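Below is one structure, written out as structure tokens; the observations come after it.
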Number of protein chains: 2
Amino acid sequence: MTTDCNRCPLRKLPAFVEFNRNDLSFMQKFKSGELTIDPKTPLLMEGSNSPQLFTSLRGMGLRYKTLEDGQRQVINFVFPGDFIGMQAAVMGEMCHSVEATTSMTLCVFNRSEFWNFFKENPERAFDLTWLSAVEEHFLGEALTSIGQRTAMQAMSWAFVRIFLRGQSLGMVENAVMPLPYKQQDIADALGLSLVHTNKTLAKLRDLQLASWSDGVLQINDLEALAEIAHTSSDPLPERPLI
Amino acid sequence: MTTDCNRCPLRKLPAFVEFNRNDLSFMQKFKSGELTIDPKTPLLMEGSNSPQLFTSLRGMGLRYKTLEDGQRQVINFVFPGDFIGMQAAVMGEMCHSVEATTSMTLCVFNRSEFWNFFKENPERAFDLTWLSAVEEHFLGEALTSIGQRTAMQAMSWAFVRIFLRGQSLGMVENAVMPLPYKQQDIADALGLSLVHTNKTLAKLRDLQLASWSDGVLQINDLEALAEIAHTSSDPLPERPLI
DNA sequence: CGTGTCCTTGAAGCGCATCAATGTTGGTGG
DNA sequence: CCACCAACATTGATGCGCTTCAAGGACACG
């Protein structure tokens with residue numbers, strides 16, 4: 001049996017706006033099942049037109065684009081609570097791929113119901129637009145990071161973002177959170193080579209600012225990292241959960 | 001007097017999805033006036049919470065973010081038909097600035113009406129989400145460009161994008177279109193230095209692929225540019241006009 | 001004419017990519 | 001139990017693409 005939205009473990013996290021009773025029943029109706037996938041399983045492919053939408057319930061993944069010459073740009077990391085597949089739902093096809101990094105459990109929605117959000121539930125439709133706008137915001141920041149910041153600054157920025165994300169999801173304990181990616185993933189996210197990524201990580205470790213190994217990220221000085229990156233270390237605002 | 005939406009010059013362009021009678025009257029009701037601004041006038045500032053939304057009717061502008069150390073990242077170029085200010089409308093504050101490059105005329109909407117899109121006109125609400133998703137798509141591509149492509153590839157990509165945009169807006173004649181920006185603007189968009197931007201432009205000119213000077217862009221070989229950048233040169237899909 | 005803005009070009013140096021080799025860990029089969 | 005292999009992390013050496021610095025040219029404007 002699938003998880004009842006009533007008991008969804010994500011709902012009580014500080015990251016998300018509270019559900020009311022109406023939202024609950026509406027979402028429950030929308031939900032069509034649950035999916036569990038293994039690490040490295042592709043969930044959506046660039047150019048695909050999947051009939052399904054997902055919300056990540058557990059585990060982590062990657063969004064990325066690949067160029068014809070094999071280069072890969074990681075667009076974002078997928079955390080619990082992320083809504084996946086809106087591009088396909090709106091534009092008819094995905095313009096990036098999504099794959100699992102760890103084992104993941106996903107809430108599955110039927111795309112044919114997507115339109116009902118707009119027709120029957122303007123609040124939820126607004127939430128969708130909100131999510132889209134937040135993602136746009138994030139990508140603007142990422143663009144700024146890659147375009148204008150040095151490797152040190154970019155990595156500091158990335159760690160601050162990731163850590164704040166982790167905090168809002170209750171994944172942080174004693175300034176430590178799980179981050180089960182490979183160095184190549186971060187390298188592809190920041191537009192750096194694997195080697196330089198490794199050396200930059202070593203520098204951050206030497207400076208006692210942050211250390212990341214064995215899939216665990218430890219932040220020793222969030223403020224200092226934020227200052228290096230010229231970014232804010234304020235907690236993230238609550239976001240709607242779809 | 002302001003332009004009647006009935007006679008809006010943008011409507012008949014191939015870039016946009018056709019309006020029906022309902023849309024027209026709805027939009028006309030939503031419209032609260034027109035604004036004309038001079039070059040270099042800031043329209044929206046990062047962090048601001050403007051009560052107004054805009055659609056660009058004429059002229060060109062820039063979206064950009066600035067870092068505390070003075071670096072600037074150009075997020076996108078503003079062309080006629082672009083909807084401006086959705087982030088503030090949805091999230092409560094802009095996360096990038098917008099300013100005019102040429103003189104611009106803008107259609108002004110009242111933000112307090114924004115919610116009516118969702119409440120009264122689900123089709124238009126969907127269009128808003130569509131626009132947001134397209135912008136997200138674009139930023140993903142831009143990220144890939146800056147992160148993975150060389151200067152030559154990135155600039156080829158940018159010219160292809162800009163040219164296709166110009167074509168859909170009827171700005172291209174004999175493979176030539178107006179592009180009234182400065183080299184510094186493109187440099188900040190692609191994360192390159194002014195000097196290297198200049199040299200890359202010279203190279204594209206020498207190779208007879210594209211030349212851009214005096215605010216005019218001439219594309220000599222669109223296919224070759226697209227190939228260099230590993231990108232598509234297909235015409236853009238129609239988009240909704242808000 | 002002087003001044004400001006933008007474009008252009010050469011020279012020098014650095015940040016990062018690339019190449020190459022080695023270390024570490026976990027899994028697999030003999 | 002050890003030999004072997006694959007995947008990932010680490011580290012040094014070399015070189016290129018880009019940034020930075022610097023100077024001059026072209027043009028518009030008061």
Side-chain angles (χ1 to χ4, degrees), chain A residues 38-40 62 67 69-74 99-102 145-158 178-206 210-218 228-229, chain B residues 38-40 62 67 69-74 99 101-103 144-158 178-207 210-218 228-229:
Chain A
D38 287 333
K40 304 195 181 171
L62 282 179
L67 288 182
D69 54 2
Q71 305 259 77
R72 182 181 72 151
Q73 174 69 42
V74 168
E99 79 172 42
T101 299
T102 67
S145 240
I146 296 185
Q148 307 299 328
R149 297 196 240 247
T150 63
M152 269 294 275
Q153 293 177 316
M155 194 159 296
S156 300
W157 170 80
L179 191 66
Y181 297 97
K182 298 173 207 145
Q183 293 189 358
Q184 185 71 62
D185 296 329
I186 298 276
D188 288 343
L190 299 180
L192 299 171
S193 71
L194 172 60
V195 173
H196 201 64
T197 299
N198 182 287
K199 287 172 181 171
T200 307
L201 281 170
K203 203 184 287 181
L204 283 175
R205 207 177 304 124
D206 288 348
S211 67
W212 174 46
S213 58
D214 303 313
V216 172
L217 174 66
Q218 172 169 2
I228 289 176
Chain B
D38 287 333
K40 302 195 182 171
L62 282 178
L67 289 182
D69 54 2
Q71 305 258 77
R72 181 181 73 150
Q73 174 70 42
V74 169
E99 81 172 41
T101 299
T102 66
S103 157
T144 307
S145 241
I146 297 185
Q148 308 299 330
R149 297 195 240 248
T150 64
M152 267 295 274
Q153 292 176 316
M155 193 158 296
S156 300
W157 171 79
L179 191 66
Y181 298 97
K182 298 173 207 148
Q183 293 188 359
Q184 186 70 63
D185 296 329
I186 298 276
D188 289 344
L190 300 180
L192 299 171
S193 71
L194 172 60
V195 173
H196 200 65
T197 299
N198 182 288
K199 287 173 180 170
T200 307
L201 281 170
K203 203 184 287 179
L204 283 176
R205 207 177 303 124
D206 288 349
L207 292 172
S211 67
W212 174 46
S213 58
D214 304 311
V216 172
L217 174 68
Q218 172 169 2
I228 289 176

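Convention: sequence-line order gives letters A, B, ...; per-chain numbering from 1. On a predicted model such as this, the values are computed, not experimentally measured, just so you know.
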When all nucleic acid strands are considered with a 4.0 Å heavy-atom cut-off, which category describes Ala151(A): base, sugar-phosphate, or nothing? sugar-phosphate

Can you measure His196(B) atom NE2 to dC7(C) atom P for me and round it to whole angstrom units? 17 Å

In whole angstrom, give the distance that lies between atom NZ of Lys203(A) and atom C1' of dT10(D). 16 Å

Atom CG of Leu194(A) to atom C1' of dG12(D): distance rounded to whole Å? 15 Å

Kindly point out which of dC8(D), dA20(C), dA11(C) is positioned nearest to the side chain of Lys199(B)? dA11(C)

In whole Å, what is the span from the CG atom of Asp214(A) to the P atom of dT10(D)? 9 Å

Ignoring backbone atoms, test whether Asn198(A) places a side-chain nitrogen or oxygen under 4.0 Å from the OP1 or OP2 oxygen of dT10(D). yes

With side chains defined as the heavy atoms from C-beta onward, is the minimum distance between Leu62(A) and Tyr181(A) less than 4.5 Å? yes

Phosphate OP1/OP2 of dT8(C): any Gln183(B) side-chain N/O under 4.0 Å: yes

Donor-acceptor pair, distance only, cut-off 3.5 Å: does the side chain of Gln73(A) make one with the backbone of Ala189(A)? yes

Main-chain N/O of Gly191(A) paired with Gln148(B) side-chain donor or acceptor, under 3.5 Å: no

Here the distance between atom P of dT11(D) and atom CG of Leu201(A), to the nearest Å, is 11 Å

Decide if atom CG of Asp214(A) counts as having more than 12 heavy atoms of other residues, nucleotides or ligands within a radius under 6.0 Å. no

Report the distance from atom CG of Leu194(A) to atom CD of Gln183(A), rounding to the nearest 0.5 Å. 6.0 Å

Nearest whole angstrom, please: distance from the P of dG4(C) to the CD of Gln184(B). 19 Å

Counting only side-chain heavy atoms from C-beta out, which of dT20(D), dT18(C), dA17(C) sits nearest to Val195(A)? dT18(C)

Between P on dC6(C) and CD1 on Ile186(B), what's the gap in Å once rounded to a whole number? 15 Å

Rounded to whole angstrom units, what separation is found between the NZ atom of Lys182(A) and the P atom of dA9(D)? 8 Å

Using a 4.0 Å heavy-atom cut-off, does Gly215(A) contact any base of the nucleic acid, only the sugar-phosphate backbone, or nothing at all? nothing

With a non-hydrogen cut-off below 4.0 angstrom, is Ser213(B) in contact with a base, only sugar-phosphate, or nothing? nothing

